[in-house]
Amino acid sequence: MADVVCCLFAAAGFDRAAVGILGAGRRLADSSGGKLVALVLGPANEAVASGASAVADRVLVADQAALAEYEPETYLSALVALAKPISPAAVLLGSDSYSQELTPRLAHRLGGSAAGDAVAIANDAGTLRVTRGVYGGKAVAVLALKRAPAVVWMRARAMDPADAAGRSAGSVEKAALADLPASRVKLLNRHVEAKSGVRLEDARLIVSGGRGLGGPEPFKQLQELADAMGAQMAASRAACDAGWVPPSWQVGQTGKKVAPELYMAIAISGASQHIMGIADSKVICAINRDPDAPIFKHCRFGLVEDYQKVIGPLRQAISQSR
Amino acid sequence: MNIVVCIKQILDPELPARDFRIDAVRKEAERGSANLVPNIFCENALETALQFREAHGGKITALTCGPEAAEEVLRKALALKADEAALVVSDVPGVPDPMFVARALAAAIRKLGPVDLVLTGREAGDWGAGQTGGLLAEELAVPSISFVENVEPASAGALNVKRQTDSGWEAFEATLPLVATITNHEKNVPRIPKTRDVMQSFRKPITKWTLAELDLDPSQANSYYEVAELSIPRKETQCEFVAGETLEDKVAGFASRVTEIMRSL
Ligand SMILES: Cc1cc2nc3c(=O)[nH]c(=O)nc-3n(C[C@H](O)[C@H](O)[C@H](O)COP(=O)(O)OP(=O)(O)OC[C@H]3O[C@@H](n4cnc5c(N)ncnc54)[C@H](O)[C@@H]3O)c2cc1C
Ligand SMILES: Nc1ncnc2c1ncn2[C@@H]1O[C@H](COP(=O)(O)O)[C@@H](O)[C@H]1O
């Protein structure tokens, strides 16, 4: 009952989240004296299986046709079928929306306790303790999960990789799952937005806009600035709710968690819920016409100005220096 | 179509950080002079239900679990023209236990009779557990879909459900009954009630159940997790405001800080 399970989705590839979740899982398994088992679900992906085996003691690959596309009911059944016989102390997932969706239901089916958005997990004399932001980031709580397994989705990208030096690779086994129940939910269509460059979560430079921009048009100016910098675009919830930009741009408590070298917040007030998504940025800077905007409390440098006056000249200045 | 919308009353999440205090003994936020409000995602859920009813008909029941005072969120829902409202009276102190809450809500939903669609918020703005919808689906033994922005009728006994993903959206056809956790979207921004409807909401009946009436044992609460520590992070950065005689100077100063970082990559 000290084993740790990490859940990986093959379709996501062996990305930074997979590396982070395996790192967190490895450390937790080692500190609990248990084994680390990685479950890999979805279409066969050699990179994920071998990447996982470098860190885990055992990798179970479930790539049957029924799991070709993510669908909550079947993936849940598959995870339960794979994890239950292991009787793990903890089951760790990443911060993608699928993992968030599955976490509480998986905990329920395994008879455990769930928690999400964990920034740390530790074994305290057999009880797993999870650290997470609460009250929209205004406080930090350590939750003691009373039932086993602890099923936890973590800020995987912020987790250190495992120290795999000197380890021999874990076994890789194919798991054929019989009798996955017929799903009562059928995927009809999946739309993936065309976005050039890296994904927001992996971006090193981000230009982000808020309600103070006043409409969708100024986002085009911001896009030009971002293009000149080679940056990705993001937005506050207020800008997304207004329909100015797609929901996938939202950063914060209920949006993406980003960790760029530079996050530039333009006409964003800096509500705690927004900060929850950007707190891991190396440097935050802002342009806001209100010198008392809370965002400046998180900034290394800032400019108190009307954005309309500075975005164009700023783009030019940055383009020229390149 | 019988729709239940689960609404949680929470401490106003817009309380500024500088006014936020915690009670170190009870390990929760101090209420102070802050308001208690319906969780925003529950309001998004109610708005989704109202739009569905306008377009396709149906009955909406607003449901909450909390102290007597949580009735206030139900009055708000009635003011927005929810058809009925029900309160599970629970005075369980401390951090909300999502499993216990899910059990209470499930028991209430079973009392309400056949329900086709249960809407919850994706997460509550206080403890941000993001679990109650999923746990509720398991308690009711029905499927669930998270981060839903819209539901439309499909064939009989089924719904078309559109939900947000990290990189776009997905459309599902889901057999009813279903639990959907609702996320914010430009189309489900909550409407404002009319004054007349607010007045009328106070005359509408609210069904109330005690935990005992639902066969729930309050000593079972807090067996899921407990708060071991709660603290306010103190992390403030010293912001250097870019200065300059002219706008050009300021922009140049800001640009040079930006390009310095760009070059270091
Ligand atoms: C449960 C919950 C979850 C939430 N999750 C998120 C989340 O994930 N992400 C998120 O962003 N928010 C989230 N929020 C909302 C959050 O609380 C704020 O409401 C939101 O972040 C505000 O967005 P904003 O800063 O763009 O708008 P505002 O707060 O309205 O700020 C606009 C800013 O623009 C400035 N401004 C105006 N005009 C100009 C101009 N011409 N030039 C320069 N500056 C100008 C103003 O001074 C102001 O500071 C959540 C809230 C709740 C309750
Ligand atoms: N006490 C409650 N009463 C009614 N609904 C609740 C309650 N707690 C949670 N919910 C529902 O579950 C959603 C997610 O809450 P949580 O799991 O606490 O983040 C909320 O948006 C509500 O729809």
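Protein chains get the first letters and strands the later ones, always in sequence-line order, with residue 1 at the start of each. Being a predicted model, the structure only gives us computed values, none of them experimental. Values reported hereafter were calculated over all heavy atoms of this structure, with side chains retained and with hydrogens, waters and symmetry mates removed.
- For A:Arg315, no part lies under 4.5 angstrom from a heavy atom of chain B.
- Using a 3.5 Å distance cut-off with no hydrogens or angles, the side chains of A:Glu71 and A:Tyr98 do not pair a donor with an acceptor.
- Just one residue in the list A:Val207, A:Leu205, A:Val251 forms a side chain to side chain contact (heavy atoms under 4.5 Å, CB included) with A:Tyr263, and that residue is A:Val251.
- Proximity to chain B (any heavy atom under 4.5 Å) is restricted, for A:Lys256, to the side chain, taken from C-beta onward.
- Looking at A:Val283, the atoms closer than 4.5 Å to chain B (heavy atoms on both sides) all sit in the side chain, from C-beta outward.
- Of the residues considered (A:Thr254, A:Ile287, A:Leu303), A:Thr254 shows the highest number of contacts with chain B, using heavy-atom pairs under 4.5 Å.
- For A:Cys299, the parts lying near chain B are the backbone and the side chain together; criterion is any non-hydrogen pair under 4.5 Å.
- With a 4.5 angstrom heavy-atom cutoff, A:Ala286 touches chain B only via backbone atoms.
- Heavy-atom distances place both the backbone and the side chain of A:Ala144 under 4.5 Å from chain B.
- The choice from A:Gln100, A:Arg109, A:Lys309, A:Arg129 that makes the most heavy-atom pairs within less than 4.5 Å of chain B is A:Arg109.
- Taking 4.0 Å as the cut-off between side-chain N and carboxylate O, A:Arg300 and B:Glu240 do not count as a salt-bridged pair.
- Of the atoms belonging to A:Gln250, it is side-chain heavy atoms, and not backbone ones, that fall under 4.5 Å from chain B.
- Remark: aromatic rings of B:Phe100 and B:Tyr224 are distant, center separation not under 6.0 Å.
- No other option in B:Asn184, B:Asp126, B:Leu15 has as many heavy-atom pairs under 4.5 Å with chain A as B:Asn184.
- Within the 4.5 angstrom heavy-atom criterion, no atom of A:Pro246 approaches chain B.
- Note on A:Asp202 versus A:Arg157: salt bridge recorded, some NZ/NE/NH1/NH2 to OD/OE distance being below 4.0 Å.
- Taking 4.0 Å as the cut-off between side-chain N and carboxylate O, B:Arg191 and B:Glu47 count as a salt-bridged pair.
- A salt bridge does not link A:Glu305 to A:Arg289: none of the charged nitrogens lies less than 4.0 Å from a carboxylate oxygen.
- A salt bridge is absent between B:Glu229 and B:Lys27: the closest approach of a Lys/Arg side-chain nitrogen to an acidic carboxylate oxygen does not fall below 4.0 angstrom.
- Contacts between A:Met264 and chain B at a heavy-atom distance below 4.5 Å involve the side chain alone, from C-beta outward.
- Scanning both residues, B:Leu50 and B:Leu80, for their nearest heavy atoms gives CD2-O, 3.3 Å.
- No part of A:Pro294 comes within reach of chain B, as not one of its non-hydrogen atoms sits under 4.5 angstrom from that chain.
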Please list, one pair per line, the donor and acceptor atoms closer than 3.5 Å that link side chains of residues 141-152 of chain B to other protein atoms, with sequence neighbours excluded.
| residue | atom | partner | partner atom | Å |
| --- | --- | --- | --- | --- |
| B:Ser144 | OG | A:Arg105 | NH1 | 3.4 |
| B:Glu149 | OE1 | B:Gln164 | NE2 | 3.0 |
| B:Glu149 | OE2 | B:His185 | NE2 | 3.3 |
| B:Asn150 | ND2 | B:Glu152 | OE2 | 3.3 |
| B:Glu152 | OE1 | B:His56 | NE2 | 3.0 |

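- Proximity to chain B is absent for every atom of A:Gln316, based on heavy atoms less than 4.5 angstrom apart.
- The contact between A:Glu73 and chain B is made entirely by side chain atoms (from C-beta outward), counting heavy-atom distances below 4.5 Å.
- Taking the six-membered ring for Trp and the full ring otherwise, A:Phe296 and B:Phe241 have centroids separated by under 6.0 Å.
- No part of A:Leu106 comes within reach of chain B, as not one of its non-hydrogen atoms sits under 4.5 angstrom from that chain.
- With chain A as partner, the option from B:Glu123, B:Glu173, B:Glu28 having the largest number of non-hydrogen pairs under 4.5 angstrom is B:Glu173.
- Listed options A:Leu145, A:Thr127, A:Val304, A:Leu187 were ranked by heavy-atom pairs under 4.5 angstrom with chain B; first place goes to A:Leu187.
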